[in-house]
There are 2 protein chains.
Amino acid sequence: MRHKSKEITIYDIAQALELSPATVSRGLQNHPLIKEETKQRILEKALALGYRRNTIASNLRTQKTHTIGVIVHELNSNFITSVLAGIEKITTQAGYDIIIAHSYENYTKEVANANNLFQKRVDGIITSLAFDTPNLDHYRQFEEKGIPVVFFDRVEENSDSVKVIIDNYRAGYQATEHLIAQGCKRIVLVTANLQRNVYFKRYAGYKDALLAHQLPFEEQYVLIKDLSEQCGVEAALHILSMNPLPDGVFITNDFSAAVCMQTLKEHGIRIPEDIAVVGFNNDAVCKIIEPKLTTIDYPGMEMGEIAAKNVIEQLQEEATTQHISTIVVRSELLVRASSAKPQ
Amino acid sequence: MRHKSKEITIYDIAQALELSPATVSRGLQNHPLIKEETKQRILEKALALGYRRNTIASNLRTQKTHTIGVIVHELNSNFITSVLAGIEKITTQAGYDIIIAHSYENYTKEVANANNLFQKRVDGIITSLAFDTPNLDHYRQFEEKGIPVVFFDRVEENSDSVKVIIDNYRAGYQATEHLIAQGCKRIVLVTANLQRNVYFKRYAGYKDALLAHQLPFEEQYVLIKDLSEQCGVEAALHILSMNPLPDGVFITNDFSAAVCMQTLKEHGIRIPEDIAVVGFNNDAVCKIIEPKLTTIDYPGMEMGEIAAKNVIEQLQEEATTQHISTIVVRSELLVRASSAKPQ
DNA sequence: TATTTTTACGAAAACGTTTGCGATATGAGA
DNA sequence: TCTCATATCGCAAACGTTTTCGTAAAAATA
């Protein structure tokens, strides 16, 4: 049934044209040393014979794959898909392919993915750390071989690799200050493991904003969760159990925030009148949940583009020049109904 | 700064052990012809020297990449990520890698992705068609080379490739019948291009359910949109302009349905009292929107597993046996508040 | 002991491309 | 006519692995 037709090579083209494979090879890559007319003949014959370049053989010879690996901690998010779109835009422009690997927020899978991409001999790596990734050892292998690694969003501070991030401290500060401006006095922060630096920064911004406005910082107002769906419910129940009741919540994840709001509402809390809520990421749910969710928006597409540009830059430079180590992308507070308290 | 250490090969191991590269190669792949003790020595030396197998050379020699390509029409959806998880589970079990390609619901990109994966010489393909993909020509190249292609979810009916789908007709019928059972008499269907067979099937189910229950089928109640965010708003406005007002809506996409509900509510429509709503996919938004959205649920993970198993089966069979051409996975109606009319 | 079988390994070709270097032909300049 | 650039192209090695076939030694059999 299936007919496996013979794969045709540059030898076949060479033979048909009474040329050498070397000339055919050069002709196909538009080498200036080949006569224009010969090139034409080669191209035509290649098309006629249904030739397809054997990337594997080419990769073996050149020791390059023209592929860059992307490791993401999740896929089901507007932010990540925007980043991927940005990466793809730049890489295809530069003639590189991408391989997307998904860690499912799982350190073990992230390591497996890194090893896999290393095996596949990608020319570069763009990655965002999983939730529980404790160290960067699995990226060391790339650096040892001179393969550029660029981190985005979820990064490790004390690493001298290139990082593309937002100012999480500022975002946390802004969100908190906004709640304060709405008249909130008791603001709960729901966030994740402070080891992961994005969360620590947001925490620090939250803390400093409180102090700057003469509000007390209380440990019991900081809830460390996993930002899952369940987490939203738990956070809400926790908040409901507090006395006095908080009047503002800053949850560093939109989906969790939405679930939390829902649970609060089910228990008779009015949002934003009783409790104002701010999320993080500007996910699609922000506009679905009622009231619509105030959040921190940041440009995924742009971050992807910057990361990709940086990798390709490193790839094209022969010299090992000094590189920018951290690129901070602007982020902004998007005020919606969930935090707009009546004055 | 970056030190590119010399890549070590089986020759280096062979030399160090005074063996031939052939023996080392066999030893590394645990070939039964090699003495156990020799294998051990090879493994140890490989580890000591920091050997990593050159997949590219191996691929060139074996003419296999042990990689299967996955083309998806979107990433930002629970369904798709579940499918990917299912595919990954099976493929890694079988020792295959996957390359995820994203078509962004764009035919041109889908073609580019297919060509790319063809270039990369993947051993198999799992794919779901983009919104506007008019034909399957870009998959013909795989079939010509005997590379298995499996379609899932968005498939083309009149193709003899393997397809993993749900019974969209039944789903459409069920959803409509449910609305009828709730007392709806004027049910609007919001769906997408009927050329894409999933949408046609749902449409057919909707139509037949109406007729089976002695309700009139009216063309004006069928709204063909693109199931985007904007589409939800448009559908709502259209519905509001109708006279008499419809009392039920079946939108074949959860996110659009959520936006539509929102717009309807903003115009004073009560859901489900005035209009009952049913979506499709069981996305995360179903539980965020208020009231929670009745929808059709189907098992992405399982579909991914089945698709992957099928590809691998085809890969491992030497003989070109006859294959199952269509696998239908169960789907079910999930009733939530958005459609529960008070009796 | 002679012969066959088994066990363990090696030689070398093959996968298809790229590329440094050499070779040939053509025309210009002396 | 001879020399020397210049323009085109071919030779052959290299990339690192896998695998067919062959061989030598050891073990088993006659």
Side-chain angles (χ1 to χ4, degrees), chain A residues 4-43 45-46 49-67 95 118-123 145 318, chain B residues 4-43 45-46 49-67 95 118-123 145 318:
Chain A
K4 305 205 184 191
S5 55
K6 165 92 172 57
E7 204 67 50
I8 86 120
T9 74
I10 54 172
Y11 275 84
D12 300 322
I13 301 179
Q15 199 167 2
L17 258 42
E18 296 190 327
L19 286 172
S20 78
T23 305
V24 174
S25 172
R26 282 190 257 256
L28 288 173
Q29 39 187 326
N30 202 22
H31 196 286
L33 232 59
I34 304 299
K35 213 198 309 182
E36 204 53 50
E37 182 223 324
T38 315
K39 277 184 196 167
Q40 275 309 317
R41 285 171 53 218
I42 292 172
L43 263 324
K45 184 57 81 176
L49 293 180
Y51 168 78
R52 62 165 172 165
R53 178 157 161 280
N54 189 326
T55 330
I56 301 171
S58 173
N59 287 345
L60 176 59
R61 173 59 223 242
T62 59
Q63 303 284 62
K64 294 248 169 303
T65 57
H66 271 264
T67 299
F118 188 66
Q119 279 293 332
K120 280 212 173 330
R121 286 192 161 55
V122 293
D123 293 342
K145 298 283 178 195
E318 282 301 314
Chain B
K4 305 205 183 189
S5 54
K6 166 94 172 59
E7 205 67 51
I8 86 119
T9 73
I10 54 173
Y11 275 85
D12 299 322
I13 301 179
Q15 198 167 4
L17 257 43
E18 296 191 326
L19 286 171
S20 78
T23 306
V24 175
S25 172
R26 282 190 258 256
L28 289 173
Q29 39 187 325
N30 201 22
H31 196 287
L33 232 56
I34 304 298
K35 212 199 306 183
E36 205 52 52
E37 183 224 323
T38 315
K39 279 184 196 167
Q40 275 308 319
R41 285 171 55 220
I42 293 172
L43 262 325
K45 184 59 80 176
L49 294 180
Y51 168 77
R52 64 165 170 164
R53 180 159 161 280
N54 189 327
T55 329
I56 301 171
S58 172
N59 286 346
L60 176 59
R61 174 59 224 244
T62 60
Q63 303 284 61
K64 294 248 170 300
T65 56
H66 271 263
T67 299
F118 188 66
Q119 280 293 332
K120 281 214 173 330
R121 287 192 162 54
V122 293
D123 293 343
K145 299 283 178 196
E318 281 301 316

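First the proteins, then the strands, lettered A, B, ... as listed; each starts at 1.
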Rounded to whole Å, please give me the gap between [atom1] in [X] and [atom2] in [N].
X	N	atom1	atom2	answer
Leu60(A)	dT19(C)	CG	P	12 Å
Tyr11(B)	dA11(C)	OH	P	10 Å
Asn54(B)	dA14(D)	CG	P	17 Å
Lys35(A)	dA7(D)	NZ	P	13 Å
Lys120(B)	dT17(C)	NZ	P	16 Å
His31(A)	dC9(D)	NE2	P	12 Å
Glu37(B)	dA8(C)	CD	P	11 Å
Ile8(B)	dG16(D)	CD1	C1'	12 Å

Is there a donor and acceptor pair, one atom on the side chain of Arg121(B) and one on the base of dG16(C), closer than 3.5 Å?
no
Base dG16(C) to side chain Arg52(A), donor-acceptor N/O within 3.5 Å cut-off
no
Check salt bridge (Lys or Arg N to Asp or Glu O under 4.0 Å) between [X] and all other residues, then give those that pass, not counting sequence neighbours.
X	result
Lys39(B)	Glu36(B)
Lys120(B)	Asp97(A)
Arg52(B)	Glu7(B)

Name the closest nucleotide to the Arg26(A) side chain, picking from dC15(C), dC15(D), dT19(C).
dT19(C)
Side chain of Ala57(B), heavy atoms from C-beta onward: which of dG16(D), dG16(C), dG10(D) has the nearest atom to it?
dG16(D)
Output a table of donor-acceptor pairs, distance under 3.5 Å, between side-chain atoms of residues 15-25 of chain B and any protein atom two or more places apart or on a different chain; print 'none' if there are none.
from: Ser20(B); atom 1: OG; to: Ala22(B); atom 2: N; distance (Å): 3.3
from: Ser20(B); atom 1: OG; to: Thr23(B); atom 2: N; distance (Å): 3.2
from: Ser20(B); atom 1: OG; to: Thr23(B); atom 2: OG1; distance (Å): 3.1
from: Ser25(B); atom 1: OG; to: Gln29(B); atom 2: NE2; distance (Å): 3.2

OP1 or OP2 of [N] versus the side-chain N and O atoms of [X]: is any pair under 4.0 Å?
X	N	answer
Tyr51(A)	dT17(C)	yes
Gln29(A)	dT17(C)	no
Gln63(A)	dA14(D)	no

Remember a base hit wins even if backbone is also touched, and classify [X] as base, sugar-phosphate or nothing at under 4.0 Å, heavy atoms.
X	answer
Arg53(A)	sugar-phosphate
Ile34(B)	sugar-phosphate
Ser25(A)	base
Thr55(B)	nothing

Taking only residues two or more places apart in sequence, or in another chain, which ones meet Phe118(B) in a ring-ring contact (aromatic ring centres under 6.0 Å, His included)?
Phe142(B)
Under the rule for ring-ring contact (aromatic ring centres under 6.0 Å, His included), what residues qualify as partners of His66(A), not counting sequence neighbours?
Tyr96(A)
Go nucleotide by nucleotide along DNA chain C from the 5' end; which of Val24(B) and Thr62(B) gets its closest nucleotide reached first?
Val24(B)
Let me see the working for Arg121(B) and Ile56(A) under side-chain contact (heavy atoms from CB on, under 4.5 Å), right down to the final yes or no.
CA-CA 8 Å; Arg121(B) 287 192 162 54; Ile56(A) 301 171; 4.0 Å; yes
Tell me which residues in residues 13-23 of chain B put a heavy atom below 4.0 Å from DNA chain D, sorted by number, or none.
Ala22(B)
With a 4.5 Å cut-off on side-chain heavy atoms, are Leu60(B) and Asn59(A) touching?
no
With the side chain counted from C-beta on, respond yes when Leu49(B) and Ile13(B) share a heavy-atom pair under 4.5 Å apart, and no when they do not.
yes
Quick one, give me the B/S/- string for nucleotides 22-27 of chain D, reading 5' to 3', where B means a protein heavy atom under 4.0 Å from the base and S means that only happens at the primed atoms, P, OP1 or OP2.
------
In chain order, what residues pass the side-chain hydrogen bond (donor to acceptor under 3.5 Å, both in side chains) check against Thr38(B), with sequence neighbours excluded?
none
